[in-house]
Amino acid sequence: MDEQLHELVRETVRAIPAGRVATYGDVADLSRAPSPRLVGQVLNQDGHDLPWHRVLRANGTCAPHIAEEQLQRLRAEGVVDDGGKVDLRRYRWEEAVKERPEEPPGLW
DNA sequence: CAGGTGACACAAG
DNA sequence: TCTTGTGCCACCT
C-alpha cells in the first residue's frame, strides 16, 4: 500500500498553518505525490481529521460540493473569500511558495 | 487485465 | 476574466 504516501500527504496538509492555504499542486509537490489528483483522493478517504479546507485549487477556488463549507471554515480562520475565490497571493502558504522555483517577477 | 473515476492543472476560445 | 475542453496519473471496481 502507499501508506507512506498517504501519511506524507496528511502530514503536509496538517502542516498548513491556520489562516493560510495551499494548492493541491503544492501539497502534491511537498508530499512528493506523483500527481495532485492523489492529494484529493487521499483527502477524500483520510482527510476527515485533516484541515482539508486549507487546501484549494491552483486558481484559488474549490470543488462545488465542498465550496460552501470550505469558504465558511476559511472565513472562520481569517481568510476572506471573494465570491468563492481566495487571493492566493495573500493567503498562499509561504512554505509551499518557497518550493516554487519560478515566479513571474512583473506579476506584482 | 481492462475500464471508469476524480476534492486537479493547464491551454484555448 | 470566465467558461470549456483535454491531459494526467494513480486508485478503485
Side-chain angles (χ1 to χ4, degrees):
Chain A
M1 280 301 247
D2 293 347
E3 191 69 24
Q4 183 75 46
L5 181 59
H6 268 235
E7 188 170 346
L8 206 45
V9 172
R10 290 190 296 186
E11 285 293 315
T12 305
V13 176
R14 197 172 296 179
I16 304 174
R20 207 104 299 181
V21 299
T23 69
Y24 289 90
D26 290 337
V27 176
D29 185 33
L30 293 171
S31 62
R32 304 300 172 202
S35 174
R37 289 186 173 279
L38 264 299
V39 179
Q41 202 104 2
V42 172
L43 284 174
N44 192 13
Q45 299 177 35
D46 299 328
H48 48 75
D49 285 337
L50 300 175
W52 53 268
H53 53 270
R54 292 174 193 161
V55 184
L56 44 145
R57 294 212 219 175
N59 63 337
T61 61
C62 41
H65 41 276
I66 64 173
E68 302 191 39
E69 191 159 355
Q70 172 99 28
L71 299 177
Q72 188 173 330
R73 289 185 178 219
L74 254 42
R75 221 184 294 175
E77 300 203 345
V79 180
V80 295
D81 57 288
D82 175 50
K85 293 185 285 287
V86 179
D87 279 328
L88 290 177
R89 298 158 298 162
R90 248 181 75 149
Y91 299 103
R92 182 92 105 116
W93 188 23
E94 307 297 341
E95 294 297 333
V97 178
K98 189 178 62 176
E99 292 298 318
R100 287 287 154 182
E102 52 183 297
E103 278 292 336
L107 184 62
W108 298 87

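- For the segment residues 44-77 of chain A, the set of residues with a heavy atom within less than 4.0 Å of an atom of DNA chain C comprises A:Q45, in numerical order.
- Residues satisfying the side chain to side chain donor-acceptor pair (under 3.5 Å) test with A:D87, not counting sequence neighbours, are A:R89.
- Applying the side chain to side chain donor-acceptor pair (under 3.5 Å) rule to A:T61 yields the partners A:N59; only residues at least two apart in sequence or on another chain are considered.
- At least one donor-acceptor pair closer than 3.5 Å links the side chain of A:R54 to the backbone N or O of A:I16.
- Looking at residues two or more places apart in sequence or on another chain, you find no side chain to side chain donor-acceptor pair (under 3.5 Å) involving A:R14.
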Q: Using a 4.0 Å heavy-atom cut-off, write out nucleotides 3-10 of chain C from 5' to 3' as B (base contacted by protein), S (sugar-phosphate only) or - (no contact).
A: ----BBBS

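- The CG atom of A:D29 sits 12 Å away from the P atom of B:dC10 (whole-angstrom rounding).
- Residues meeting the side chain to side chain donor-acceptor pair (under 3.5 Å) test with A:Q72, sequence neighbours left out: none.
- Put simply, A:K85 has no side-chain N or O that comes within less than 4.0 Å of OP1 or OP2 on C:dT1.
- For the pair A:L43/A:V13, a side-chain contact is recorded, criterion being any heavy-atom separation below 4.5 Å from C-beta on.
- Evaluated for a side chain to side chain contact (heavy atoms under 4.5 Å, CB included) with A:Q70, the options A:V79, A:L56, A:V55 yield exactly one hit, A:L56.
- The closest side-chain donor-acceptor pair between A:Q45 and A:H6, if any, does not fall under 3.5 angstrom.
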